[in-house]
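Written out below as C-alpha cells is the structure these notes cover.
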Amino acid sequence: MVANLLDGRALAANLRSELRIHARTFTAAHGRAAHLALLAVGDDQNALLFGQQVIKVCRAIGVAYSLTRYAADVSEAAIRAQAAHASADPATDGVVVLLPLPDGVRQRAVTEVLAPAKDVDGLGPRNAGNLMLGFPSFVPGTAEAVMTLLGQTGLTLRGKHAVIVGRSNVGGKPVALQLLRHDATITICHSRTPNLAEITRAADILVVSVGRPRAITAAMVRPGAVVLDAGINPTPHGIVGDVDFASVREAAGWLTPVPGGLGPLTHLMVIRHTLLGPTP
Ligand SMILES: NC(=O)c1ccc[n+]([C@@H]2O[C@H](COP(=O)([O-])OP(=O)(O)OC[C@H]3O[C@@H](n4cnc5c(N)ncnc54)[C@H](OP(=O)(O)O)[C@@H]3O)[C@@H](O)[C@H]2O)c1
C-alpha cells in the first residue's frame with residue numbers, strides 16, 4: 001500500500017482565497033481592516049518563522065497586523081502588561097503570543113491576561129476550558145489543521161480509535177479534545193507511555209506531535225491508518241516530521257508530508273479566527 005498524501009498546501013491556497021473575501025467583508029462592515037497583534041519575545045527561530053508566515057498571509061489577504069518584539073531578558077511583568085494592553089485595544093481584533101517564550105517568562109502568565117474574545121490562538125484558560133467543555137472556543141491552530149485535513153479523507157470519525165502521541169497544550173491535548181467532540185475514541189500517549197508501538201498500531205487515526213525526528217516508524221502504524229504529523233524538526237538535510245515519512249508511506253492509508261501537510265494550514269487559523277470568531 002502507498003498512502004494518499006494529505007496536501008496542506010493546496011488546501012491552504014483555497015483557504016487563503018476564502019479569507020480574502022472575509023477580510024473585505026470585515027473592512028466594509030467596520031470601516032477598517034481587521035487587526036492582528038503579534039507579540040514576540042526573544043529570538044526563537046520557530047516563533048519568529050511562525051510570525052513571519054502569519055504576516056505574509058495578512059499582507060496577501062488584507063488584514064492589518066503589528067509585530068511587537070521584546071528582548072529575551074524582558075521581565076514577565078512587562079510582557080504580561082503588553083499582552084493585556086494589546087487585547088484591551090478596541091482597534092485590535094486578535095492577539096497572538098509567539099511561542100515558545102524564553103525561560104523566565106511563563107506562558108500562563110502571559111496568555112491568562114488576554115481577553116478571551118481576542119485570544120485567537122486559544123491558549124488562554126477561558127478558551128482552553130471552553131474547548132474542554134464543548135462550548136464555542138478559539139481552538140489552537142494545529143488542532144484545527146488536523147480536523148481540516150481529516151475532512152479531506154472523507155472518512156467518518158465516529159467510533160474510530162484515534163491515538164494522539166504528545167500532550168502539549170498547543171498540540172496533543174486540543175487535538176484529542178477535537179477528535180473526542182467528533183465521537184472518536186481517543187488514547188493520549190506521552191513520554192511515560194510504555195509499549196507505545198502496541199498502542200499506535202491500534203490506531204485508525206494517528207496524530208503525532210512530539211518534536212522528535214522520525215520517531216514513528218512503519219512498524220508502529222496499522223496498515224491503512226490515517227497518519228497526521230505535526231512535527232517540525234530542523235535537520236542538516238532540511239525540515240523533517242515526527243513520522244518516518246519514507247517507511248510510513250508504505251503502510252498508512254493517508255499521510256501528511258512534512259513540510260506541506262499541517263504546517264501551511266496552522267498559521268492561517270489565527271487569521272481565520274480574527275475574521276470569523278470562535279469555532280462553534
Ligand atoms: N504543525 C504545526 O503548526 C506545529 C505547531 C506547534 C508545534 N509543532 C511541532 O510539533 C512538535 C511537537 O511540539 P508540541 O509543542 O506539540 O510538543 P512539546 O511541548 O514539545 O511536547 C512534546 C510532547 O511529546 C511527548 N513525547 C516526547 N518524547 C516522547 C516519546 N519518546 N514518546 C511519546 N511521547 C513523547 C512529550 O511527553 P511529556 O508530556 O511526557 O513530556 C510531550 O507531551 C514540534 O516538532 C513542534 O515544532 C508544529
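Source: prediction; values computed, not measured. For ligands, and for the atoms within them, numbers begin at 1 and follow the listed sequence.
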Which residue owns the protein heavy atom closest to [atom], what's the atom, and how far is it?
atom	result
atom 43 (O) of ligand 1	R167 N, 2.8 Å
atom 21 (O) of ligand 1	S168 CB, 4.2 Å
atom 47 (O) of ligand 1	I232 O, 3.4 Å

Before signing off on this row, confirm whether [X] and ligand 1 have an N or O atom pair separated by under 3.5 Å.
X	answer
S209	yes
G172	no
D242	no

Between the side chains of N14 and S17, does any donor sit under 3.5 Å from an acceptor?
-> no

Using a heavy-atom cut-off of under 4.0 Å, does the side chain or the backbone of [X] touch ligand 1, or both, or neither?
X	value
T193	neither
T142	side chain
R212	side chain
V210	both

Is the closest heavy-atom distance from A230 to ligand 1 below 4.0 Å?
-> yes

4.0 Å heavy-atom contact, C189 with ligand 1 |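 Not so, C189 does not reach ligand 1.
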
Partners passing side chain to side chain contact (heavy atoms under 4.5 Å, CB included) against A202 (at least two apart in sequence or in another chain) =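 Per chain and number, A202 pairs via side chain to side chain contact (heavy atoms under 4.5 Å, CB included) with H161.
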
Inspect the contact between R32 and D93 and indicate whether a charged nitrogen and a carboxylate oxygen are less than 4.0 angstrom apart.
-> yes

Identify whether the distance between the nearest side-chain nitrogen and carboxylate oxygen of R80 and E76 falls below 4.0 Å.
->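 E76 and R80: not salt-bridged.
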
Minimum heavy-atom distance between R212 and D242, given as atom pair plus value | N-OD1, 3.0 Å

Please name the pair of heavy atoms, one in A145 and one in L265, separated by the smallest distance, quoted to 0.1 Å.
-> CB-CB, 3.8 Å

Considering only distance and modelled atom types, tabulate donor-acceptor pairs under 3.5 Å from the side chains of residues 167-175, sequence neighbours left out.
residue	atom	partner	partner atom	Å
S168	OG	G171	N	2.8
N169	OD1	K173	NZ	2.8

